[in-house]
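Here's the structure, in structure tokens; my notes come after.
Letters A, B, ... mirror the listed sequences (proteins, then strands); counts begin at 1.
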Number of protein chains: 2
Amino acid sequence: MPFIYENYSGFRDVTEVVNGIMLGTPPAERPTMPATARPATDSRQPEIPAKRRAGRPSSAVLDQAVITSAALRLIGKSGYDGLTMAALARSLHVAPSALYNHVTSKRDVLVLVEDHLASLVDVSAFGAEPWDEAVRQWAWSYRDVFSKHTPLIPVIAVLPVTDAPQTLAMYESVSEGLRQAGFPQERIVSSIVALESFIFGSAYDVTAPADIFDPGSMAESTPNFTAAVRSLAEQGHEKPADVAFSLGLEALISGLGALRR
Amino acid sequence: MPFIYENYSGFRDVTEVVNGIMLGTPPAERPTMPATARPATDSRQPEIPAKRRAGRPSSAVLDQAVITSAALRLIGKSGYDGLTMAALARSLHVAPSALYNHVTSKRDVLVLVEDHLASLVDVSAFGAEPWDEAVRQWAWSYRDVFSKHTPLIPVIAVLPVTDAPQTLAMYESVSEGLRQAGFPQERIVSSIVALESFIFGSAYDVTAPADIFDPGSMAESTPNFTAAVRSLAEQGHEKPADVAFSLGLEALISGLGALRR
DNA sequence: TTCGTAAATGAATGGCATTCATTTAGTGGT
DNA sequence: ACCACTAAATGAATGCCATTCATTTACGAA
């Protein structure tokens with residue numbers, strides 16, 4: 001008997017709601033009212049969208065593209081902790097269950113986001129620059145994009161490429177670049193996997209706290225490590241994550257370059 | 001008024017419980033009964049542990065070591081999806097809230113597990129073998145241990161070493177090995193970070209589905225990548241994750257070796 | 001007109017980590 | 001010997017979460 005019930009917050013019909021509690025006749029008994037006949041208050045308060053009746057709307061509210069961009073907006077504002085199906089639905093002025101007409105699970109949403117991000121990775125240097133410079137630009141770009149989205153890494157790392165067309169397109173660009181650079185066909189995928197593994201691991205480093213290696217009270221029992229940490233801190237003014245990434249990437253590039261014929 | 005209430009499953013006093021429902025006087029009114037005076041059924045049915053009264057037990061049931069090994073057992077049996085605070089408590093015949101006297105959060109449990117695993121990584125070759133061979137053995141061992149525990153990677157990657165003494169001990173061994181091999185002090189940490197990043201990323205690969213790179217219906221639009229995938233499949237009979245790991249690791253070892261003096 | 005399907009709402013459901021009041025046991029001080 | 005304090009357990013919430021299902025409504029094809 002829903003004579004009194006709550007609504008989604010931030011998704012209220014001001015004509016009927018007081019203090020977050022809606023009072024009135026139950027929805028089934030309320031006469032339908034076409035959108036064009038709604039009170040003028042609706043158009044003057046766009047920040048409080050009109051409540052949608054149950055049932056299929058005249059024009060679809062959701063699709064995968066809309067969900068993807070809302071998810072990205074939400075991640076930008078609230079981070080991955082804030083990305084819940086409920087919050088995503090709220091940001092789209094929709095009931096949580098409505099999302100499941102377009103995605104089968106939250107993981108699906110993450111895959112949509114991942115594939116969008118893959119399209120932001122810069123592969124333009126392949127074909128335009130020497131292979132090693134192209135790999136360098138691609139790798140830095142790839143790391144920078146995903147260092148802001150590390151919660152996706154466990155998803156990407158085991159994601160079949162079929163489910164991610166933009167990601168696949170990225171692999172195609174890199175594959176073509178390596179083939180033209182003289183990499184033997186059968187080593188290309190392994191080389192990409194090796195580079196990508198390094199990139200994913202390095203993306204986490206970017207987000208690590210600055211004092212992650214401070215041995216604290218255990219400094220005496222770890223003299224070699226402690227000295228190495230101190231020496232790094234004294235030496236460089238670059239970000240430690242960038243130094244390590246550069247070091248490893250250059251090692252990989254020169255090591256993999258030896259495979260070419 | 002708990003005259004009728006449920007118990008934790010698998011944690012029942014057979015003398016008082018029927019069909020998962022306990023009938024009888026509430027705990028406050030039940031006379032206390034010392035453990036030595038308990039019915040003999042207790043000792044003959046150890047698989048159904050006696051229900052513990054509320055209040056501090058005579059000897060402590062939990063500590064961090066007990067929690068850690070229970071967590072590892074649970075992970076082995078049910079995977080990380082099965083590692084919940086409730087399941088962990090159940091496996092220890094304890095109420096979930098009891099765990100919080102010894103850890104502050106589930107993340108704490110993961111850190112305990114991580115640090116235990118770090119002690120399983122083989123660093124014995126440092127000092128006993130040439131530096132490159134020592135790095136090789138360490139890296140393979142490290143990857144193998146954590147490929148079965150990938151959900152820990154997001155935790156480790158940003159974990160201050162102070163909170164993980166065994167992990168710190170591992171770093172100390174590697175640092176000493178690299179110093180003795182002639183690596184300049186200020187490059188040692190960066191080298192370890194680069195290797196570790198590659199290792200973490202590669203640990204995910206191990207768990208990826210075999211057909212992760214099958215382009216499916218999009219094969220025509222990705223000729224270079226498709227050819228590379230096919231060529232790898234035809235070529236090798238080794239596990240693709242192992243081939244890529246070997247390739248990248250050897251590249252890193254030879255690249256980093258150039259830093260020595 | 002009727003029927004089937006797509007896309008929305010609304011109301012559960014069960015599981016989750018965590019918190020808090022309460023109970024009990026040991027310990028250190030007077 | 002008593003008393004206060006603290007540690008370590010239980011039991012009962014709390015609030016959030018992803019997901020499911022019945023229901024409602026709209027549109028398009030037969």
Side-chain angles (χ1 to χ4, degrees), chain A residues 1-9 11 13 22 26-30 32-35 49-64 66-67 80-90 92-110, chain B residues 1-9 11-13 22 26-35 49-64 66-67 80-90 92-110:
Chain A
M1 295 78 175
F3 280 80
I4 299 176
Y5 58 92
E6 286 203 353
N7 215 335
Y8 310 119
S9 69
F11 176 11
D13 188 335
M22 180 187 285
E29 301 176 34
R30 223 185 320 150
T32 60
M33 179 191 290
K51 184 164 173 10
R52 191 179 301 107
R53 291 154 49 213
R56 188 188 206 195
S58 308
S59 78
V61 177
L62 299 179
D63 60 24
Q64 292 196 334
V66 164
I67 291 172
Y80 279 86
D81 283 350
L83 180 63
T84 68
M85 295 302 270
L88 185 55
R90 199 179 319 123
L92 288 162
H93 310 303
V94 143
S97 51
L99 297 169
Y100 289 87
N101 290 318
H102 303 271
V103 295
T104 72
S105 65
K106 182 177 180 180
R107 182 172 189 279
D108 252 33
V109 175
L110 295 179
Chain B
M1 295 72 178
F3 279 80
I4 299 177
Y5 56 92
E6 287 203 352
N7 216 338
Y8 310 119
S9 68
F11 175 14
R12 304 199 160 112
D13 188 335
M22 181 186 285
E29 302 175 34
R30 224 185 319 151
T32 61
M33 180 191 291
K51 182 160 171 17
R52 191 178 302 104
R53 291 155 49 213
R56 186 188 207 193
S58 307
S59 79
V61 177
L62 299 179
D63 61 25
Q64 292 197 331
V66 164
I67 290 172
Y80 279 87
D81 284 350
L83 180 63
T84 67
M85 296 302 271
L88 185 54
R90 200 178 320 123
L92 288 162
H93 310 301
V94 144
S97 51
L99 297 168
Y100 289 87
N101 290 318
H102 303 270
V103 296
T104 73
S105 65
K106 182 177 179 179
R107 183 173 187 277
D108 252 32
V109 175
L110 296 179

Checklist entry - Are any non-hydrogen side-chain atoms of A:N101 and A:L62 less than 4.5 angstrom apart? => result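 They are not in contact (no side-chain heavy atoms under 4.5 Å apart), so the answer is no.
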
Checklist entry - Is there side-chain contact between A:V61 and A:H93, with heavy atoms separated by less than 4.5 Å? => result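 A side-chain contact under 4.5 Å is absent here.
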
Restricting to nitrogen or oxygen on both sides, can you table the protein-nucleotides 4-6 of chain C pairs closer than 3.5 Å?
| from | atom 1 | to | atom 2 | distance (Å) |
| --- | --- | --- | --- | --- |
| C:dA6 | N3 | A:R56 | NE | 3.4 |

Next on the checklist: Using the rule given for side chain to side chain contact (heavy atoms under 4.5 Å, CB included), can you reason through A:L99 versus A:L92, listing the C-alpha separation, both sets of side-chain angles and the distance that settles it, and then say yes or no?
Outcome noted: CA-CA 10 Å; A:L99 297 169; A:L92 288 162; 4.1 Å; yes

Checklist outcome for this item: Nearest heavy-atom contact between B:P96 and B:A86 is CG-CA, 4.3 Å

Checklist entry - Which atoms form the tightest heavy-atom contact between B:A87 and B:G82, and what is the distance? => result CB-O, 3.5 Å

d([atom1], [X]; [atom2], [N]) in whole Å:
{"X": "A:L88", "N": "D:dC16", "atom1": "CG", "atom2": "C1'", "result": "16 Å"}
{"X": "A:R53", "N": "C:dA7", "atom1": "CZ", "atom2": "P", "result": "18 Å"}
{"X": "A:L99", "N": "D:dC17", "atom1": "CG", "atom2": "C1'", "result": "14 Å"}
{"X": "A:L92", "N": "C:dA7", "atom1": "CG", "atom2": "P", "result": "15 Å"}

Next on the checklist: Please classify the nucleic acid contact of A:A98 as base, sugar-phosphate, or nothing, using heavy-atom distances under 4.0 Å.
Outcome noted: base

Checklist entry - Are OP1 or OP2 of D:dT10 and a side-chain N or O of B:R52 less than 4.0 angstrom apart? => result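 Yes, within the criterion.
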
Next on the checklist: With a 4.0 Å cutoff (strictly under), does any side-chain N or O of A:H102 reach OP1 or OP2 of C:dA8?
Outcome noted: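 For C:dA8, OP1 or OP2 has a side-chain N or O of A:H102 closer than 4.0 Å.
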
Checklist entry - B:S105 pairs by side-chain contact (heavy atoms from CB on, under 4.5 Å) with which of B:D108, B:V109, B:V103? => result B:D108

Next on the checklist: Distance criterion of 3.5 Å, no angle test: do you see the side chain of B:N101 paired donor-to-acceptor with the base of D:dA7?
Outcome noted: no

Checklist outcome for this item: Protein-proximity profile, nucleotides 12-19 of chain C, B/S/- by nucleotide at the 4.0 Å heavy-atom cutoff, equals ----SSBB

Item to check | Distance, nearest 0.5 Å, that separates CG of B:L83 from NZ of B:K106 | outcome: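 If I round to the nearest 0.5 Å, the distance is 5.0 Å.
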
Checklist entry - At what distance, to the nearest 0.5 angstrom, does NE2 of A:H102 lie from CD1 of A:I67? => result 5.5 Å

